[in-house]
Amino acid sequence: MVQVTARSVRLVDCADFHLLSEYVCPSTITVASGTLSQLTLAVSGGEVLYLELDMQTKSFKITSSAQLDQDIACLSLRPVSGAREGAMEVEATGSAAATARSSSILAVAMWTDNSVRLHALPTLEEICRVQLGTDVQARDILIVELGDKVYLLIGLGDGRLITYTVDFSGDLPSLVNRRNGVLGTHPITFSCFQNAGAQCVFAACDRPTVMYSKNGKVLFSVLDVSQTEFTNMAPFHSELFPYCLALCSEASLVIGVIEDIQKVHIQTIPLGQAPSRIRHSAANGVYAGKSSRNINLIYILDLIFFFFI
Amino acid sequence: MKEAFNVALNETRIIDIKFLYGCPKPTICLLYQDNRNVRHVKTWVVDTKEKELTPGPWSQSNVEFGASMIIPVPSPLGGILLVGSSSITYIGQSAAGSSSTGPAQMQVQAVEIAPAQVIAGACIAEDSTRFLVADHRGVLSAVVLCLGANNEVTSLALDNVGTTSIAETLTYLGDGHVYIGSIFGDSQLVRLHTDRDEQGSNVEVLATHTNIGPIRDMCLVDNDRQGGQRQLVTCSGAYKDGSLRVIRSGIGLQEQASLEVPGIKALWSLRTHEDAEFDKYLVQSFVGETRILAIENEEMGEVSIFSVIQSLITSVLILLIPFMFAD
């Protein structure tokens, strides 16, 4: 596995955890993203380093670097079909499998001017840029293939989501078809996972949402759980917990199985008599109901817990 | 089947009508109310050749005023169970005696029931001696026909079986399984046991099918606290099956394990090598340190990793890529 810390990049053997190689960075690493054979690091000061894994020596070497004009908020690279593989320089010793799992583009969100740029790999040349036009920075960015289209997802610090379709049909990839949406009010973090063979994206915020593709459209399903905020997620398919996701929040770690997408959930509160009226008071967060049998009886119910006062 | 035909009935206020079992020709049984508000039971034979009704084998006048339902008793017993609000009566004919000219004997046996409005009934035994009835309170009772020497019904017995949703229809599925279809509450698939459980009920609910109707009122709530997820709260059901239903649309998460771990900033999963079927480690990054949970021998516990990686434990992980070499 590859571990990136604030000062270094380490290549570690997963079987027995011994260190294979280490690259120490002269300045502080802020964010990083990678695939099975590539790694991009953003260093404080706006420098981007692109490293490739050398299979023979089992170490990383810096292939290219670029100095951008601002600090970088987040970055993402991902192998997607439809991207031009020809632009990639393949190492002579790289295996065929490594090529197929390589990304040819890097998406970078900047900290100061709130723009998102696409850079080519391995040259780190800028391909295009778009202005987000918001006053909040992007907190997470993801290139992902949903259905048969490639999307660029940008999660902002105030819970908004901006999506672009990455269009590979021209000479150079471009960002088209911008869509804005609101997921919640807290910063969004993206994670990918597979559900029933389909690629899905989990957007963790105060209203956790799963994005997936159906018939060429991206659909959103809100997670219906009692705990409403998750900050991060990792797919965790283990012996003890098969097909699970591990989700973390401010105070806890939850491991669970996600159901098939989008169901109607009905929670029943038995009353023993027929209720005839119900109203909700948003200011106080209570419900008031009237039952038919005892005309003078009014049930006041708490929003979350539904007990009778 | 040939074409359908109409026959006129003399009786006007018909409360229930059923076909009888075990008759040589199709025979219907009617429960009707006459002009003086007295209820009677009559049988008619349907003559398909002449396309008319001829008087049937038996009739019973002046039955209980609250009589509301006929349950035909299957062969070989034949006859009907007449269900009323204060009694359940068996009405039938015994097999003709050795003399073919002798009149068939009428058998009428009854058992008293607590005042209730029986809504549904079904036969639950192969030899047609046991019946299940459900009333408006959701109480299930078993009616047992006690037989005498010549397969004649000597008496009826009533037994309380248990309580379920208020049944609109009962269907016996065999092997003690009954499906209760309800319009005021959730429909249920139940199993009848011969032994009573701790609450004194012979009924075990195997499955429930949610029914949110009848809905008398509802309100749509925008939960600002939960970041805008809306839910619908309905006043559902009636009588003892009344309830409030909170309805949301979304993906459910079935929780398998939950740990109180404050301050996790990021999570990654790892496996020992590429072809491993399962992930083995869950790496959590905190402010100032990193911890690893591993699945070992059916348990999940924290792992301490020795050697060089010790320094890993004390540093903040920015990124982890699970990575396997082809060799």
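Chain letters run A, B, ... following the sequence lines, proteins first, then strands; residues in each count from 1.
- Around atom OH of B/Tyr172, more than 12 heavy atoms belonging to other residues, nucleotides or ligands sit under 6.0 Å away.
- Here the side chains of B/Gln256 and A/Cys244 are in contact, with some heavy-atom distance below 4.5 Å.
- The side-chain heavy atoms of A/Thr231 and B/Ile264, taken from C-beta on, include no pair separated by under 4.5 Å.
- Between the OG atom in B/Ser258 and the CG atom in A/Leu253 there is a gap of 7.5 Å [rounded to 0.5 Å].
- Using a 4.5 Å cut-off between heavy atoms, A/Thr268 contacts chain B through both its backbone and its side chain.
- Counting non-hydrogen atoms of neighbouring residues, nucleotides and ligands closer than 6.0 angstrom, the CZ atom of B/Arg245 exceeds 12 such neighbours.
- Looking at B/Thr234, there are no atoms closer than 4.5 Å to chain A (heavy atoms on both sides), in backbone or side chain.
- Contacts of A/Leu247 with chain B are made by both backbone and side-chain atoms, with heavy-atom separations under 4.5 Å.
- Here the closest non-hydrogen pair linking B/Leu267 and A/Ala246 is CD1-O, 3.3 Å.
- Here the side chains of B/Ile212 and A/Ile266 are in contact, with some heavy-atom distance below 4.5 Å.
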